[in-house]
Amino acid sequence: PIRENRMLYRSISFGPLADLIMLDERLAGRTKPVDSLSDPQYNDDTRTMLGADQLQWFESQLSNSKATWKLVGNQVIFSDIDLSEVLPKMPRNLDSWDGYPAEKNRIKEHIVNNRIRDVVFLTGDTHASWAIEVATDVANTYDPITSRGAFAVEFGTPSISAANSNERTPTDEVKKSEATLIDTNPHIKYTNNRDHGYMLLTLTPQFAKSEWYYVETLRKQGSAEFKAETLTVQKGTSSIRKTED
């Protein structure tokens, strides 16, 4: 489905509780991804995911929102993710925001410099589950214990049926790669690249809660589902904490 003759980026208000800011990261202003981190154009500040008009609109939406939660409908992962230990030939996913560092840093600076709180990136694309404390200088200014240096959070939803890693790699190996990914990226608080299902986001004036539900199998109609993880962010923080049910 498409919206004829309309910009795909748009915002939806849920009153004082939340504003949903939907981005278009494919068509409106995206420049071609580079092929490698060594490409001289990699850090060029003219390369853009959003384009000048959409970026200005996005910054305005963030600054002018009076809602408690600023939800960003985000097509590709915004957070920095070091893949070098699990995918040596692809240390960064250059199709995601990691491929557009200059524009990503501008968005970070806008959020931090304007003291915009309670920003939640809601992300698809990867066919995997994610909970990440968003920090663009993990090595130097981020503290995984106190969450100092994080300025937003990111929740990623799994696929319902599209392929994920254990369709081509044994499940035990996928679990090991998940553990390695978390060890080398301490701002990642949860990831699952094996199970299919959905993510449920619950918002209150005090907290945002994300729950991941998975089905036992895709190969049988009526398969039972189970809740695998519940994580919560308190208002005014960028700290993801486990919730005991």
Side-chain angles (χ1 to χ4, degrees), residues 9-25 49-50 54-55 57-81 96-98 103-126 128-136 138 142 144 146-158 185-192 197-213 227-243:
Y9 58 89
R10 61 210 184 275
S11 61
I12 303 163
S13 172
F14 292 88
L17 183 62
D19 284 335
L20 175 58
I21 306 167
M22 298 294 294
L23 300 180
D24 172 11
E25 295 165 2
M49 177 81 77
L50 302 181
Q54 185 180 187
L55 177 60
W57 172 86
F58 180 37
E59 291 175 339
S60 177
Q61 292 291 314
L62 289 171
S63 294
N64 294 330
S65 175
K66 304 301 182 185
T68 298
W69 300 100
K70 294 82 179 169
L71 308 177
V72 182
N74 185 48
Q75 290 170 285
V76 294
I77 286 182
F78 185 86
S79 301
D80 287 10
I81 297 184
S96 73
W97 277 97
D98 266 345
E103 189 176 49
K104 177 163 70 169
N105 192 58
R106 173 173 166 172
I107 292 169
K108 171 206 170 180
E109 290 179 349
H110 181 82
I111 292 171
V112 171
N113 293 343
N114 289 282
R115 299 181 180 180
I116 300 171
R117 305 282 188 179
D118 306 313
V119 176
V120 180
F121 289 87
L122 302 175
T123 303
D125 180 63
T126 64
S129 303
W130 302 90
I132 310 172
E133 294 179 353
V134 183
T136 59
V138 176
Y142 173 72
T146 66
S147 306
R148 180 180 59 84
F151 59 92
V153 299
E154 183 162 16
F155 294 134
T157 183
N185 293 268
H187 56 310
I188 299 177
K189 304 306 178 181
Y190 176 65
T191 186
N192 180 315
Y198 60 94
M199 184 188 81
L200 179 65
L201 181 69
T202 301
L203 301 176
T204 78
Q206 292 79 36
F207 62 83
K209 179 175 69 174
S210 185
E211 300 167 289
W212 286 266
Y213 288 84
K227 181 163 64 173
E229 187 63 283
T230 303
L231 297 172
T232 301
V233 180
Q234 296 294 323
K235 179 182 180 297
T237 78
S238 297
S239 179
I240 297 172
R241 293 293 179 260
K242 186 175 178 62
T243 302

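Along the sequence shown, residues are numbered consecutively beginning with 1. Everything numeric in this text was worked out from a predicted model, so none of it was measured.
Formation of a donor-acceptor pair under 3.5 Å by the Lys209 side chain with backbone atoms of Thr230 is not found in this model. Without hydrogens or angle criteria, Glu133 side chain to Ile240 main chain gives a donor-acceptor distance under 3.5 Å. No donor-acceptor distance shorter than 3.5 angstrom exists from the side chain of Gln61 to the backbone of Ile21, with no hydrogens or angles considered. Judged by distance alone, with hydrogens and angles left aside, the side-chain atoms of Ser11 form no donor-acceptor pair with the main-chain N or O of Leu20 at under 3.5 Å. Between the side chain of Trp130 and the backbone N or O of Gly124 there is no donor-acceptor pair closer than 3.5 Å.
Between the CZ atom of Phe151 and the NE2 atom of His110 there is a distance of 12.0 Å, given to the nearest 0.5 Å. Residue Ser210 holds its OG atom at 10.0 Å from CG of Leu203, rounded to the nearest 0.5 Å. Remark: Gln54 CD to Asp24 CG distance equals 5.5 Å, nearest 0.5 Å.
Taking every heavy atom of both residues into account, Ala135 and Tyr142 meet most closely at CB-CD1, 3.8 Å. Of all non-hydrogen atoms in Glu25 and Trp97, the two that sit nearest each other are OE2-NE1, 3.4 Å. Shortest non-hydrogen contact noted between Ala228 and Tyr190 is CB-OH, 4.0 Å.
Phe155 and Trp212 have perpendicular rings, their planes meeting at more than 60° on a 0 to 90° scale where under 30° would count as parallel.
Salt bridge absent: Glu154 and Lys189 never bring a charged side-chain N and a carboxylate O closer than 4.0 Å. Under a 4.0 Å N-O distance rule, the pair Lys66/Asp19 does not qualify as a salt bridge.
With no hydrogens or angles considered, no side-chain donor-acceptor pair links Asp80 and Thr136 at under 3.5 Å.
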